[in-house]
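See structure below.
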Amino acid sequence: MPELPEVETTRRGIEPWLLGARVDAVAVRERRLRWPVTPRLARELTGRSVESLERRAKYLLMAAGGGTLIMHLGMSGSLRVHKTPGQPGPHDHVDLVLNNGRTLRFNDPRRFGAMLWTRRDPMRHPLLRHLGPEPLGAEFDGDCLWRLSRSRRAAVKTFIMDGRVVVGVGNIYASEALFRCGVDPRRAAGRVSRQRYGLLADSIREVLAAAIKRGGTTLRDFTGGDGQPGYFAQELNVYGREGDACPGCGGPIRQTALGQRSTFFCPRCQR
DNA sequence: CCCGATTCCTGTAGGC
DNA sequence: TGCCTACAGGAATCGG
């Protein structure tokens, strides 16, 4: 499940093969992703050289020849650079054939991912323009969480997963960050103190940075741009561990649902 | 504006 | 063993 660390791991894995490479051909075998892949995408991308590959939230932005390819992995998408791609398998929806002999291949069984071409400033794109701060950036801290949360009655876990508040915090890392700072995920966002938001912001930053260091979390099938899995799963304290002993107090980890999302926490350590 | 519910999709885990 | 259903989730979008 690509969250920010998995997207960043992917970006770092494929960037060296993309920078400066020219796109010689684009093969679109399945147009039905989150939004339809337009014929324009292949037409305009072909012949352009890649200038940069950046990440904003969970989007990857590949700048090429004045336009930008906006990519999102959804929840089952992956991007890999192949030396010899071979016959496309199931769910290998898009290939970018590069002039350095490599092929960037987008695979996405559930097709929640996206590939969009824009000639405008990507940061002004409707999907990106209302996004909150990057959790690893300088402008993100406990005070901005605290300010935005006043009078909010939604659960704090739901609140930190809202991309307008802070980007990149998905279901796994939301549970982990809240455990780390001892905040009950069910607590109303407006009823978390300023001081505890300071701790929560630190926890979000730490847990994401640690996951990036490990190459992301591979629960089932995530692999980075080189096909390697991530190793943060073994450092998860609560996610997916209902009934297991809490690493803090030894009591059982509990599971509940918040905003239709499974949520894991320790009722003794988190208040 | 705020918030919860619904929607897209398919692989897989669990129940019978 | 094998079939069937439920569930997983990012995030846009809808409905209240």
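Each chain gets a letter, A, B and so on, in the order the sequences are listed, and its residues count up from 1.
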Let me know the distance between [atom1] of [X] and [atom2] of [N], rounded to the nearest Å.
X	N	atom1	atom2	value
A/Arg31	B/dC8	CZ	P	22 Å
A/His130	B/dC1	NE2	C1'	14 Å
A/His72	C/dA11	NE2	C1'	7 Å
A/Asn107	B/dT10	CG	P	13 Å
A/Met161	C/dG9	CE	C1'	8 Å
A/Asp108	B/dG11	CG	P	11 Å
A/His91	B/dT10	NE2	P	7 Å
A/His93	B/dC8	NE2	P	17 Å

Are the side chain of A/Gln270 and the backbone N or O of A/Val183 linked by a donor-acceptor pair below 3.5 Å?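 A pair under 3.5 Å: yes.
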Please determine whether a side-chain nitrogen of the Lys or Arg among [X] and [Y] lies less than 4.0 Å from a carboxylate oxygen of the Asp or Glu.
X	Y	value
A/Glu134	A/Arg55	yes
A/Glu176	A/Arg180	no
A/Glu235	A/Arg214	yes
A/Asp92	A/Arg29	no

Would you call the rings of A/Phe106 and A/His93 parallel, tilted or perpendicular, where under 30° means parallel and over 60° means perpendicular?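 Ring orientation of A/Phe106 relative to A/His93: tilted.
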Aromatic-base stack, A/Phe112 on C/dA11, cutoff 5.5 Å, angle under 30: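 A/Phe112 vs C/dA11: stacking no.
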Consider only side-chain N and O atoms of A/Ser76 and A/Asp108, and report whether a donor and an acceptor are under 3.5 Å apart. yes
Single-linkage hydrophobic cluster, 4.5 Å side-chain cutoff, A/Val28 and A/Val50 together: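 Yes, same cluster.
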Can you list everything that forms a ring-ring contact (aromatic ring centres under 6.0 Å, His included) with A/Tyr59? Sequence neighbours excluded, please. A/His72
First of A/Arg152 and A/Arg261 reached from the 5' end of DNA chain B, by closest nucleotide: A/Arg152
So which one's nearest nucleotide on DNA chain B is more toward 5', A/Leu148 or A/Arg32?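 Looking at DNA chain B, the more 5' nearest nucleotide goes with A/Leu148.
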Nearest listed nucleotide, side chain of A/Arg110, among B/dC9, B/dC2, C/dA11: B/dC9
So which nucleotide from B/dT10, C/dA11, C/dA8 ends up closest to the side chain of A/Arg111? B/dT10
Can you pull every protein N or O that's under 3.5 Å from an N or O on nucleotides 12-16 of chain C?
from	atom 1	to	atom 2	distance (Å)
C/dA12	OP1	A/Tyr59	OH	3.1
C/dA12	O4'	A/Arg34	NH2	2.7

Any side-chain N or O of A/Tyr173 less than 4.0 Å from the OP1 or OP2 oxygen of C/dG9? no
Using a cut-off of strictly less than 4.0 Å, decide whether A/Ser262 has a side-chain nitrogen or oxygen near OP1 or OP2 of C/dC7.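 Negative; the distance criterion is not met.
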Side chains of A/Leu131 and A/Arg56, heavy atoms from C-beta outward: is any pair under 4.5 Å?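 Heavy-atom side-chain distance check passes, below 4.5 Å.
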Listing time: all N or O pairs from protein to nucleotides 3-5 of chain C that are below 3.5 Å?
none

